[in-house]
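Here is how names work: the chains are called A, B, and so on, in the same order as the sequence lines, proteins then strands, and each is numbered from 1. Only a predicted model underlies this, so the values are computations on that prediction, with no experimental measurement involved. Values below: all heavy atoms of this structure, side chains included; hydrogens, waters and symmetry mates excluded.
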Amino acid sequence: MRKAIQKRMEAKKYVWEGAIPLQIHLHESQVTTLPPPPPALILAPRIGYLPLLVPLIKPHFSSTLPPGVDTIWFEYRGLPLKWYIPTGVLFDLLCAEPERPWNITVHFRGYPGNVLIPCDGEDSVKWSFINSLKEAAYIINGNCKNVMNMSQSDQLELWHSVMNGRVPVRLYVWSISEDFDDWEDLSQVDSWEKISYINRPIEIHKEGKCFTLHDAMKSLLPEFFSDESLSDSKLARVDFEDAQKIPSEDVSSNKVVEDQGQNAYEHREACCISSSAEIKLIRIQGIEPKLEIPFSWLVNNLLNPDHFLHICVCVKVPQ
Amino acid sequence: MMDVFNWDGTVSAKDFRIGALSFAQKWESLNSAFPPWSWVPCPKHPWLASPELFQEEGYLSLENICISRPYEVDIDQNSQTDPGEEETSCSEKEDDIDDATLVQSNHHELHYCDFHIVYSYTFRVPVLYLRAYCSDGRPLLLDEIEKELPACSSKESPETKWAFITQEEHPYLKRPWYKLHPCGTSEFMKLLFLGGDTGQPKLEVVLELYLLSWFSAVGQVVGLRIPCKMLNDRR
């Protein structure tokens with residue numbers, strides 16, 4: 001038992017200490033000196049957020065900035081980066097072939113307010129983080145209270161309850177249309193419109209065989225799993241009549257079962273996207289777990305501090 | 001049959017969709033002072049070649065609603081708004097503001113609002129999203145919105161303390177919008193149905209009237225009142 005806890009602590013340590021080397025360039029429109037300043041080299045925590053790095057970045061460029069009020073934002077190859085997504089998730093999502101160091105650009109002016117929610121520095125990040133934490137707490141506990149006061153033992157209890165309930169998950173899905181030899185050959189994600197963001201809890205039932213990552217993916221993205229595997233899944237056996245026979249003390253989970261049954265029903269109707277649509281890559285905290293991995297391991301080890309499992313998925317959809 | 005006493009005040013995505021369409025229908029037939037709500041289907045994967053596949057999700061939309069108070073409207077404006085009507089009864093904005101006098105008296109600038117009712121998978125309840133702007137399209141800031149819709153402000157009465165407005169990315173449009181936080185929704189929905197002296201309603205009746213009841217409370221926060229005939233209609 002102690003060894004298991006030790007191993008879990010180690011895995012958690014890797015997650016919490018995971019970092020991305022960044023090479024941050026000042027956007028040319030804001031360079032007022034010659035020669036232009038060298039890029040800032042910063043090790044960014046995976047579980048952190050880009051605006052929290054500003055105290056390290058700003059001094060590096062302050063002598064070359066034009067006068068005026070700063071409204072800081074980051075961009076990767078033209079794509080403004082959403083500051084409320086953890087740095088590690090942005091990296092896993094936007095860099096199919098991990099680029100080390102990751103070259104991103106910082107702007108101090110011209111905040112794209114039509115695309116990005118305003119950020120007033122650390123306070124905005126804190127606020128966004130706490131909102132996510134409350135959301136996760138609601139998913140796990142059924143209420144938003146007491147989130148800030150959880151002790152270590154409370155947290156341990158949380159994991160046990162999670163495995164027979166709902167798990168907070170944020171899924172980021174992007175697609176490619178043909179096969180490739182190298183991730184580097186892929187075209188760049190140049191717009192957030194090209195990414196499906198699915199903020200939806202995964203429901204887990206303890207009975208039956210082990211709930212794997214594969215099961216989790218099938219419940220969130222049934223359209224990418226071909227018909228023949230559907231007969232194995234628990235989902236296929238649920239239909240509306242069955243949902244109503246479930247005892248009434250479990251009303252809330254009835255709805256989820258109904259929803260999942262609904263998904264399965266519509267899946268049979270609409271079929272999957274195509275028989276050759278497939279999931280090419282799943283990345284969580286920078287690692288690519290096998291589909292057979294027990295989902296509980298991922299929940300126990302790879303959650304972000306906001307208690308969400310952030311999952312980046314690349315799918316192939318032939319045109 | 002599921003017991004309404006064990007109901008936790010939430011709805012499934014499927015019930016939300018059904019309830020939304022029936023709410024929109026009722027609204028259109030009984031609330032002629034306003035334009036109708038429309039259901040906007042949303043593809044799960046917008047980047048698919050045929051995005052209309054997997055389009056079970058969507059939201060209700062009511063747009064271009066004037067939220068400025070009638071007495072702020074310039075009296076020589078070529079307007080169809082009768083100040084005696086309900087506060088938010090302007091129709092298409094294009095009808096009201098192609099008048100030179102309004103442009104000159106810019107302190108009487110009108111403010112408009114788009115409302116979307118979106119389902120939250122986390123809280124399993126509807127959530128009201130809103131976006132407010134001037135006639136020239138400039139987005140309103142939070143304090144300007146709170147001035148037009150004072151009930152949105154968290155400083156208001158205890159009944160509206162759950163009506164807490166935050167800025168967030170719209171789940172489908174991916175742009176910054178404001179939303180009324182859904183944290184207390186399931187509790188007050190449960191109270192709405194079980195707190196009264198109408199006896200034990202059947203759960204299926206509850207679900208059918210869910211959106212109507214939800215909106216009768218939430219709509220007030222943003223100045224959209226449901227006429228009594230809509231609440232009394234049991235068809």
Side-chain angles (χ1 to χ4, degrees), chain A residues 82 84 113-118 124 127-128 131 134-136 138-139 142-144 166 168 173-175 177 191-201 221-224 240 243-244 246-252 254-259 261-263 266-267 270-271 273 277 315 317-319, chain B residues 1-17 42-57 119-125 137-139 141-142 164 166-179 181-184 186-187 190 203-204 207:
Chain A
K82 296 187 175 179
Y84 40 90
N114 57 335
V115 177
L116 294 186
I117 299 175
S124 301
W127 179 240
S128 168
N131 263 342
K134 280 185 176 165
E135 204 182 309
Y138 185 89
I139 291 170
N143 64 70
C144 288
R166 303 200 296 161
V173 186
W174 53 286
S175 73
S177 49
S191 156
W192 289 101
E193 312 286 321
K194 301 232 175 98
I195 296 177
S196 303
Y197 170 59
I198 298 174
N199 180 20
R200 198 166 304 182
L221 300 172
E223 56 274 12
F224 292 107
F240 302 132
Q244 286 181 17
I246 293 166
S248 58
E249 43 273 351
D250 213 2
V251 176
S252 61
N254 284 345
K255 274 187 286 304
V256 184
V257 163
E258 204 176 283
D259 270 340
Q262 166 92 39
N263 264 342
E266 280 166 346
H267 181 174
C271 197
I273 289 175
V315 299
V317 180
Q319 291 302 335
Chain B
M1 187 24 65
M2 293 178 214
D3 193 336
V4 75
F5 281 119
N6 291 318
W7 182 52
D8 60 1
T10 65
V11 285
S12 68
K14 175 174 85 86
D15 285 330
F16 167 77
R17 190 166 70 249
C42 291
K44 188 173 181 185
H45 305 294
W47 38 261
L48 272 185
S50 334
E52 64 279 0
L53 288 182
F54 314 104
Q55 215 166 243
E56 312 89 59
E57 292 169 40
Y119 180 72
S120 162
Y121 284 87
T122 295
F123 295 92
R124 297 191 282 208
V125 294
R138 176 183 72 84
L141 301 171
L142 185 57
F164 182 46
T166 59
Q167 188 169 34
E168 217 176 84
E169 190 176 282
H170 189 291
Y172 296 108
L173 300 182
K174 314 276 198 259
R175 294 273 185 272
W177 276 61
Y178 288 95
K179 89 172 193 200
H181 205 279
C183 216
S186 58
E187 279 109 3
K190 193 164 177 169
L203 190 61
E204 50 197 7
L207 293 178

What distance separates [X] [atom1] from [Y] [atom2], expressed to the nearest 0.5 Å?
| X | Y | atom1 | atom2 | result |
| --- | --- | --- | --- | --- |
| F123(B) | K134(A) | CZ | NZ | 9.5 Å |
| R200(A) | E57(B) | CZ | CD | 4.0 Å |
| H45(B) | L221(A) | NE2 | CG | 5.5 Å |
| Q167(B) | W127(A) | CD | CH2 | 12.0 Å |
| I139(A) | R124(B) | CD1 | CZ | 9.5 Å |
| L116(A) | K174(B) | CG | NZ | 14.0 Å |

Check against side chain to side chain contact (heavy atoms under 4.5 Å, CB included), Y138(A) and S120(B)
CA-CA 12 Å; Y138(A) 185 89; S120(B) 162; over 6 Å; no

Under 3.5 Å, is there a donor-acceptor pair between the E169(B) and Y197(A) side chains?
no

Between G113(A), S191(A), P118(A), the one whose heavy-atom pairs under 4.5 Å with chain B are most numerous
P118(A)

So K44(B) and I198(A), do their side chains get closer than 4.5 Å, heavy atoms only?
yes

